[in-house]
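Below: one structure, written as structure tokens.
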There are 2 protein chains.
Amino acid sequence: MNRTTPAKRTTIYDLAELAGTSASAVSAVLNGNWKKRRISAKLAERITKLAEEQGYAVNMQASVLRRERSKIIGMIVPKYDNRYFGSIVEQFEVRARERGLFPIITCTMRDPELEVEAARTMLSYQVDCLIATGATDPDRIADLCAGAGVRTINLDLPGARAPSVISDNYGGALELTRRVLANCRREYGVKAPLFFVGGRGTDHNTMERVRGFRDAHAEAGIAVDEAMIQACGYAPEKAENAMRQLAARTSTLPRGLFVNSTISLEGVMRWIRYSGHYSDGMPHLGCFDWDPFVAMLGDHIEMARQDVPKMLEAVFGIIDSGAGDFSVVEVPPIIGGVD
Amino acid sequence: MNRTTPAKRTTIYDLAELAGTSASAVSAVLNGNWKKRRISAKLAERITKLAEEQGYAVNMQASVLRRERSKIIGMIVPKYDNRYFGSIVEQFEVRARERGLFPIITCTMRDPELEVEAARTMLSYQVDCLIATGATDPDRIADLCAGAGVRTINLDLPGARAPSVISDNYGGALELTRRVLANCRREYGVKAPLFFVGGRGTDHNTMERVRGFRDAHAEAGIAVDEAMIQACGYAPEKAENAMRQLAARTSTLPRGLFVNSTISLEGVMRWIRYSGHYSDGMPHLGCFDWDPFVAMLGDHIEMARQDVPKMLEAVFGIIDSGAGDFSVVEVPPIIGGVD
DNA sequence: AATTCATGCTTCATCGATTGAGCAAGCCTG
DNA sequence: CAGGCTTGCTCAATCGATGAAGCATGAATT
């Protein structure tokens with residue numbers, strides 16, 4: 001099709017020739033600072049019209065190369081398979097565009113190697129700022145960026161070498177656990193510990209949630225055995241497996257579960273449906289994360305919905321203010337049952 | 001922090017000086033074609049080591065500016081709020097990286113203006129190829145790209161001026177409708193039409209699904225009234241509203257519904273839960289799209305899961321082969337109940 | 001000894017946009 | 001009418017990477 005005419009793109013030089021002026025004037029007009037450069041309104045208009053007619057589009061590579069700031073903002077994100085990360089990404093894009101920044105996002109499939117690789121690539125593309133969302137090793141990324149003089153902000157999981165914006169995992173888990181314990185007491189009259197399943201025992205969020213989980217039990221005067229806490233990973237299969245193993249070693253299953261993400265919940269629910277256990281009645285569930293369909297699964301479920309708008313507001317607050325301290329902002333999640 | 005030392009990035013010139021050689025040699029070594037350029041293995045190794053030590057990263061803007069192909073591949077996508085688009089984006093990234101391409105994705109919030117704006121921006125960033133996913137006006141985008149000599153491929157919704165990869169909407173809807181009709185007949189013994197809700201009446205996919213819906217009814221000898229087809233838009237609120245209106249004008253609600261996306265289903269389910277209707281028993285549902293939690297909502301639901309891996313295989317097949325004809329590839333969705 | 005050839009580099013123009021410096025013409029001002 | 005100021009532009013260097021062309025050096029061939 002276009003093989004014959006390789007569609008040479010219009011440049012400012014082409015426009016300059018057509019307008020009988022210099023590339024410099026064209027550039028000034030097209031990037032809006034023609035007043036500063038004392039270009040007449042007449043010429044400005046002529047150039048603008050020509051550019052439109054010719055379907056001119058700046059070559060960002062050339063433009064970025066010359067300028068000192070690229071106005072590109074990067075984000076790395078683990079997955080796109082749940083509403084939490086989905087809305088983070090959506091809001092990130094909206095807010096970036098509002099500020100005239102160009103967002104580039106890359107998904108690292110929860111692979112630590114890919115995370116670093118992705119960060120490096122983004123630096124190659126001259127991002128002005130990089131948001132590391134749910135990164136396994138945020139400090140490694142912060143170091144990489146510091147070496148290139150690029151700002152980093154951690155989101156969802158905190159780091160020590162850049163400002164962080166996270167959920168109040170402790171507070172959220174504390175309240176969530178309280179509610180599920182109360183639900184169990186109300187319906188079944190039991191005062192037994194819940195089973196904590198999902199997440200990585202090494203990550204900050206999971207540790208904080210476990211702490212909240214423990215404290216809520218302590219408040220209620222319920223002892224929690226080590227075996228009742230299985231941070232087996234986030235994947236559905238892993239959570240499903242943890243449930244299977246739990247069932248294998250206890251005669252009476254717990255009447256309440258604390259599930260550490262919707263993704264893990266996927267596995268838990270699958271197991272509940274197909275294992276035949278809990279046929280005498282659904283256990284009370286608490287899920288640290290929100291999903292609209294989970295909310296419809298029944299009245300036995302409470303969720304902690306992380307407050308994505310507030311979190312992103314905090315992130316861009318840091319960006320806009322240029323704050324440099326490595327503090328951690330904790331945003332309370334919204335706790336509720338079926339909405 | 002780095003305010004004092006603006007962290008001047010290392011360039012090939014810096015490395016050249018350190019290695020006592022020329023920038024040209026450094027470039028040749030670092031981008032791998034030093035054999036072609038007859039650089040000695042000794043020098044190559046020295047430069048490589050130095051680059052590593054200095055934490056050198058190519059400036060892609062400069063590199064892309066110079067080369068004729070950018071190896072950047074763009075995708076525009078309507079939303080990240082459902083599993084379908086989420087997995088499209090994930091797989092797109094994986095496959096792009098496999099081919100040494102740099103994926104950039106942008107979400108247009110189903111806004112036709114933003115779609116065009118986003119396409120224009122991507123062209124500015126010199127994408128080699130643009131995938132328009134679920135675009136309202138794919139041909140407009142195709143024209144823009146053609147003007148810049150950039151390939152486009154339509155995904156999810158077809159266009160006339162670029163190759164397209166879509167689901168077999170007709171076939172999927174036909175089979176889905178058949179199953180829901182059969183379920184209704186089995187459980188309730190009724191031979192009444194389903195209610196079609198969600199989607200945009202103007203888009204190809206919805207029209208094809210309506211066609212499948214109609215043909216399945218015709219097969220079963222069931223007449224379908226115009227009012228039973230409400231392509232009211234995708235948003236949950238719109239679907240919820242359509243249900244409300246349906247209930248307001250009929251005395252007996254249909255025993256089966258065809259819901260045109262999980263997003264619309266969100267609204268439908270909400271209405272079912274809170275309106276008080278259907279308290280005598282859930283209607284049989286068919287949903288054109290898949291979600292793991294929807295699959296757990298009960299045994300009254302059938303889903304058409306669009307085959308994302310196959311679709312992306314087709315997309316990259318077209319990219320790899322360089323095919324130029326504007327044909328439409330239709331990939332059959334996977335139909336099933338609770339998985 | 002003269003010529004050819006391979007090897008291992010360096011030089012320099014180039015991609016397109018940006019911007020500091022500079023220049024010419026017109027207009028005031030004293 | 002000389003000197004200064006404003007207006008409206010152009011020139012040319014620059015950002016960093018790339019690759020065609022060219023230039024030494026030494027080895028091989030005639």
Side-chain angles (χ1 to χ4, degrees), chain A residues 6-47 51 54-72 102 123-126 128 148-149, chain B residues 6-47 51 54-72 102 123-126 128 148-149:
Chain A
K8 205 73 196 59
R9 274 138 125 124
T10 317
T11 71
I12 50 170
Y13 297 94
D14 302 330
L15 293 180
E17 189 150 355
L18 285 170
T21 180
S22 71
S24 164
V26 174
S27 169
V29 168
L30 263 24
N31 64 32
N33 53 14
W34 53 280
K35 296 226 162 174
K36 258 170 282 184
R37 307 256 324 168
R38 296 186 314 215
I39 305 290
S40 65
K42 209 182 83 199
L43 180 56
E45 197 177 351
R46 190 149 47 95
I47 290 175
Q54 300 292 315
Y56 170 82
V58 226
N59 181 326
M60 277 299 176
Q61 315 294 348
S63 176
V64 167
L65 175 60
R66 192 59 201 2
R67 291 179 333 219
E68 94 293 21
R69 291 194 54 226
S70 68
K71 302 194 166 207
I72 302 177
F102 183 67
L123 290 178
S124 271
Y125 281 93
Q126 312 298 110
D128 281 339
Chain B
K8 206 73 197 61
R9 274 138 125 122
T10 316
T11 69
I12 51 170
Y13 297 94
D14 302 330
L15 293 180
E17 189 151 353
L18 285 170
T21 180
S22 72
S24 169
V26 174
S27 168
V29 168
L30 262 25
N31 65 32
N33 52 16
W34 53 280
K35 297 227 161 173
K36 258 169 280 178
R37 307 277 315 270
R38 295 185 315 212
I39 305 291
S40 65
K42 210 183 83 198
L43 179 58
E45 198 177 349
R46 190 149 47 94
I47 290 176
Q54 300 293 315
Y56 170 82
V58 226
N59 181 326
M60 277 299 176
Q61 314 295 349
S63 177
V64 167
L65 175 60
R66 192 64 203 353
R67 291 176 339 216
E68 94 294 20
R69 291 195 55 227
S70 69
K71 300 193 167 210
I72 301 177
F102 182 68
L123 290 178
S124 272
Y125 280 94
Q126 313 297 112
D128 281 339

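In this structure, A/Ala28 and A/Arg38 both approach DNA chain C, and ranking their closest nucleotides by distance from the 5' end singles out A/Ala28. When the nearest nucleotides of DNA chain C are assigned to B/Arg67 and B/Ser40 by heavy-atom distance, the more 5′-ward of the two goes with B/Ser40.
With hydrogens and angles left out, the side-chain atoms of B/Arg37 and B/Ser24 include a donor and acceptor closer than 3.5 Å.
Proximity of A/Thr21 to the phosphate of D/dT10: a side-chain N or O atom is located under 4.0 Å from OP1 or OP2. Not one side-chain nitrogen or oxygen of B/Lys36 sits closer than 4.0 Å to the OP1 or OP2 atom of C/dT7. Checking the phosphate oxygens (OP1, OP2) of C/dA17, a side-chain nitrogen or oxygen of A/Tyr56 falls inside 4.0 Å. Between B/Asn59 and D/dC15 there is no side-chain polar atom (N or O) within less than 4.0 angstrom of OP1 or OP2. Note on A/Ser63: every side-chain N or O is 4.0 Å or more away from OP1 and OP2 of C/dA17. The phosphate of C/dC12 (OP1 or OP2) has no side-chain N or O of B/Ser24 nearer than 4.0 angstrom. Taking side-chain N and O atoms only, A/Thr11 has no distance below 4.0 Å to OP1 or OP2 of C/dC15.
Checking side-chain atoms of B/Gln61 against main-chain N and O of A/Tyr125 turns up a donor-acceptor pair under 3.5 Å. B/Ser124 places a side-chain N or O within donor-acceptor distance of the main-chain N or O of A/Val58, the cut-off being under 3.5 Å. Although no hydrogens or angles enter the test, the distance criterion places a donor-acceptor pair under 3.5 Å between the side chain of A/Arg67 and the main chain of A/Arg69.
Residue contacts for A/Leu43: at a heavy-atom cut-off of 4.0 Å it reaches the sugar-phosphate backbone alone, with no base atom in range. Within 4.0 Å (heavy atoms only), B/Val64 reaches no atom of the nucleic acid at all.
Minimum atom distance to the side chain of A/Arg66 is reached by D/dT14, of the listed C/dT10, C/dG16, D/dT14. The side chain of B/Ser27 lies closest to D/dA17, out of D/dC15, D/dA17, D/dG22.
A straight line from CZ of B/Arg37 to C1' of D/dG22 spans 12 Å, rounded to a whole angstrom. At whole-Å resolution of the value, CG in B/Leu65 and C1' in D/dG19 are 14 Å apart. Going from atom CD of A/Glu68 over to atom P of D/dC15 covers 13 Å, rounded to whole Å. The distance from atom CG of A/Asn31 to atom P of C/dT19 is 7 Å, rounded to the nearest whole Å.
The residue from A/Val26, A/Val29, A/Ile39, A/Leu15 that alone fulfils the side chain to side chain contact (heavy atoms under 4.5 Å, CB included) condition with A/Thr21 is A/Val26.
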